[in-house]
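A short write-up of the structure that comes next.
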Number of protein chains: 2
Amino acid sequence: MLEAKLNEAGMLKKLLDAIKELVTDANFECNEEGINLQAMDNSHVALVSVQLSQTGFKKYRCDRPMPLGVNIGSLTKVLKCAKDDDICTLKSADDADILNLVYEAKNTDRIAEYELKLMDIDSDSLGIPDTDYEARVVMSSSEFARIVRDLSQLGESVRIEVSKEGVRFASDGEAANGNVLLKGKGPIGKVSSGPVNNSQGEGSGDGEEEDVKPEVVEVDEGEEDEDSDKKKKASNKTKVKKEKTDGDVDMEDGGDEEDEDDGEPEVEKDDEEEDEDEEAGDSKKRKKKANGTSKPAKKSKTSKGKGKRKDDDEEEEATDSVVIEMNSHVSLTFSLKYLVNFSKTASLHNRVQLYMSNEVPLLVSYDFGPGFVRYYLAPKIGDD
Amino acid sequence: MLEAKLNEAGMLKKLLDAIKELVTDANFECNEEGINLQAMDNSHVALVSVQLSQTGFKKYRCDRPMPLGVNIGSLTKVLKCAKDDDICTLKSADDADILNLVYEAKNTDRIAEYELKLMDIDSDSLGIPDTDYEARVVMSSSEFARIVRDLSQLGESVRIEVSKEGVRFASDGEAANGNVLLKGKGPIGKVSSGPVNNSQGEGSGDGEEEDVKPEVVEVDEGEEDEDSDKKKKASNKTKVKKEKTDGDVDMEDGGDEEDEDDGEPEVEKDDEEEDEDEEAGDSKKRKKKANGTSKPAKKSKTSKGKGKRKDDDEEEEATDSVVIEMNSHVSLTFSLKYLVNFSKTASLHNRVQLYMSNEVPLLVSYDFGPGFVRYYLAPKIGDD
DNA sequence: CGCCACAGTT
DNA sequence: AACTGTGGCG
């Protein structure tokens with residue numbers, strides 16, 4: 001029996017919007033840790049991995065693992081019937097072939113219930129490419145979206161190159177060639193941390209965290225503060241990967257797992273998710289946090305709009321700054337079509353992380369508070 | 001070698017948006033005075049003339065005249081990759097077959113470079129119909145857009161009539177007929193000045209000015225002097241058109257040519273208050289230079305500034321007021337399709353000037369600070 | 001919470 | 001080129 005209550009139906013709507021063009025049907029794998037989804041895109045070129053930790057729910061209960069086979073298009077339609085700020089509860093009996101969605105308006109007595117028919121979907125066992133990447137770029141998700149969209153006008157593919165100079169996105173086309181160079185903020189340090197596959201804490205905030213690695217230069221970013229700690233714990237717990245069970249793919253992961261103890265049965269949480277960022281008050285502690293996690297930071301639009309409420313500059317920089325970490329020079333070429341698709345996930349979170357190593361699939365990760373949406377895309381061969 | 005730096009890429013984007021439906025390929029003629037473009041629309045019915053004075057650039061350098069053959073659609077795509085407030089630099093080596101566009105974000109480290117492939121385009125030698133018009137209307141560009149858009153729903157063509165009553169736009173259609181009368185502000189005076197082809201000062205601001213210059217007004221473009229009486233003369237002078245060299249188009253009317261070189265010896269213009277950019281102090285000097293050269297008029301810039309003398313306030317009101325000048329009654333009929341197209345230029349400037357004489361092409365002029373966009377459209381024959 | 005503006009998509 | 005959706009501001 002699954003019963004998962006989300007504080008904001010909007011999050012789920014955005015999540016589905018982000019992946020619906022890539023995936024038509026997928027299993028929502030529910031277990032006590034949360035809900036996960038993995039699928040290859042329709043042409044089997046890209047892999048999508050979504051994780052929603054139980055900590056991201058206002059209430060979460062899942063007695064035993066159950067895969068819910070869902071047609072993404074149908075679920076999207078049903079979710080359109082929810083207002084963004086409705087409280088959304090997902091329910092499904094152990095062997096039912098339907099998923100029940102209940103929308104409760106926060107300030108009224110409206111309660112809507114929908115039943116989505118489930119389907120049996122072969123669990124494609126997917127492996128997640130897990131590697132230690134040679135380069136990591138953390139940037140505004142809307143800027144990333146803008147860049148790949150712009151370049152997609154010129155050509156079919158983009159070469160992404162990380163060097164001491166920064167990160168360069170370049171595309172050649174019939175009528176014009178173009179490239180965008182992001183210099184990055186601060187010195188370029190070593191890659192501080194991997195994506196922590198299968199778990200989520202990670203840079204969810206915005207990647208800036210890196211508490212860990214000693215030598216790492218990266219410093220600035222972040223940090224974050226207490227949150228981080230908290231996060232970390234949380235993340236550790238969460239990191240247990242369920243996917244793991246299926247079998248990994250080609251890539252091995254490094255061990256983040258060790259902390260698996262999560263175990264927390266925390267069933268009721270009240271919105272934690274947000275808390276991460278919240279700090280306005282505690283900012284004193286560490287300023288830097290990018291608050292980016294979920295909603296608060298929202299600002300996204302970089303450009304013109306600068307004046308945010310927050311006022312702190314950090315915010316600003318957090319949202320717009322580009323952080324580049326690199327162990328060695330990388331240069332890979334990808335299909336812009338997919339990157340453009342991935343970049344729609346910008347509505348979920350204002351920061352995106354790109355992890356790259358030569359000849360290895362690119363990982364595009366949107367880590368928001370209680371989970372992540374990650375995309376893996378193999379480079380074009382012959383890329384330079 | 002060309003190197004032209006614009007403070008706001010948005011201006012160029014708007015400019016291209018304005019003409020891209022009319023023209024597919026065109027030569028951007030660059031010389032020390034600035035950049036000019038002239039082209040017939042794809043069906044050779046309308047003529048577009050764009051002038052960007054070097055004074056409109058943050059930085060401008062063009063060692064020797066060079067025509068850059070551009071596919072407008074491609075350039076539009078490349079410009080889409082710029083944010084409106086990016087600093088945009090156009091560069092091209094002397095014999096290169098590419099135009100380099102560099103976009104620098106004002107507040108970040110993003111630098112994007114695009115290379116647009118150039119093409120050889122026959123300079124259609126275009127002549128600019130240069131006449132002393134019998135009527136001139138200055139009005140809000142958005143109002144003009146609205147009127148022609150509205151009337152285009154009724155019929156295919158519009159009769160524009162300037163009389164003592166004001167200016168009337170009338171269209172007859174299958175289902176309905178309609179007409180819009182603009183009475184104009186103040187008494188209707190004589191036409192104060194011609195469009196000063198090839199140069200821009202002119203009424204760019206908006207027409208209302210009329211100071212009188214004794215005779216030669218021309219020189220300064222800047223100004224707006226437009227005095228009526230003189231204007232005639234003046235206009236003649238000003239009319240010198242550089243394009244001329246190519247050959248005139250069909251529309252030429254009469255002799256304007258003779259002045260080609262602008263004969264006016266007045267090289268120096270005196271006052272130019274405007275000169276904006278540069279150092280204010282020496283503005284005068286440089287100014288002259290601009291005109292001094294061959295194409296005299298070029299510069300001007302009233303622009304944003306409006307600073308003309310008289311107009312300051314007028315400018316303001318100018319935005320909505322309609323100014324009508326008429327030497328004799330005119331009535332011409334035009335295809336609304338083209339006027340609707342021309343009216344998209346409203347995004348570049350909030351005032352538009354219509355110059356008309358019976359049986360002569362209409363001139364629709366958007367004179368903004370550092371340049372202008374002008375359209376010439378032959379009347380339908382049989383117009384009344 | 002509602003309204004307005006800007007951007008992206010069709 | 002127009003419409004819809006999203007984001008920001010009041």
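Every heavy atom of this structure was used, including side-chain atoms; hydrogens, water molecules and symmetry mates were not. Just so we're on the same page: letters track the sequence lines, and every chain starts at 1.
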D17(A) CG - dG8(C) P separation (whole Å): 16 Å

Interatomic distance where CD belongs to E143(A) and P belongs to dG7(D) [whole Å]: 17 Å

Distance test, side-chain N/O of K80(B) to OP1/OP2 of dG8(C), below 4.0 Å: no

Sugar-phosphate only, base, or nothing, as touched by K344(A) at under 4.0 Å among non-hydrogen atoms: sugar-phosphate

Qualifying residue for side chain to side chain contact (heavy atoms under 4.5 Å, CB included) with Y376(B), from V45(B), L363(B), V48(B): L363(B)

Of V340(A) and K83(A), the one whose closest DNA chain C nucleotide lies more 5': K83(A)

Exercise: do R374(B) and S365(B) side chains pair donor with acceptor under 3.5 Å: yes

Candidates dC1(C), dG8(C), dG7(D) - which lies nearest the side chain of D85(A): dC1(C)

Polar side chain donor-acceptor pair, S74(B) to Y114(B), under 3.5 angstrom: no

Separation of atom CG in L79(B) from atom P in dA7(C), rounded to whole Å: 16 Å

Salt-bridge present (K58(A), E8(A); N to O < 4.0 Å): no

Nucleotide dT4(D), atom C1' - distance to NZ of K13(A) in whole Å: 14 Å

Separation of atom CG in D84(B) from atom C1' in dC6(C), rounded to whole Å: 10 Å

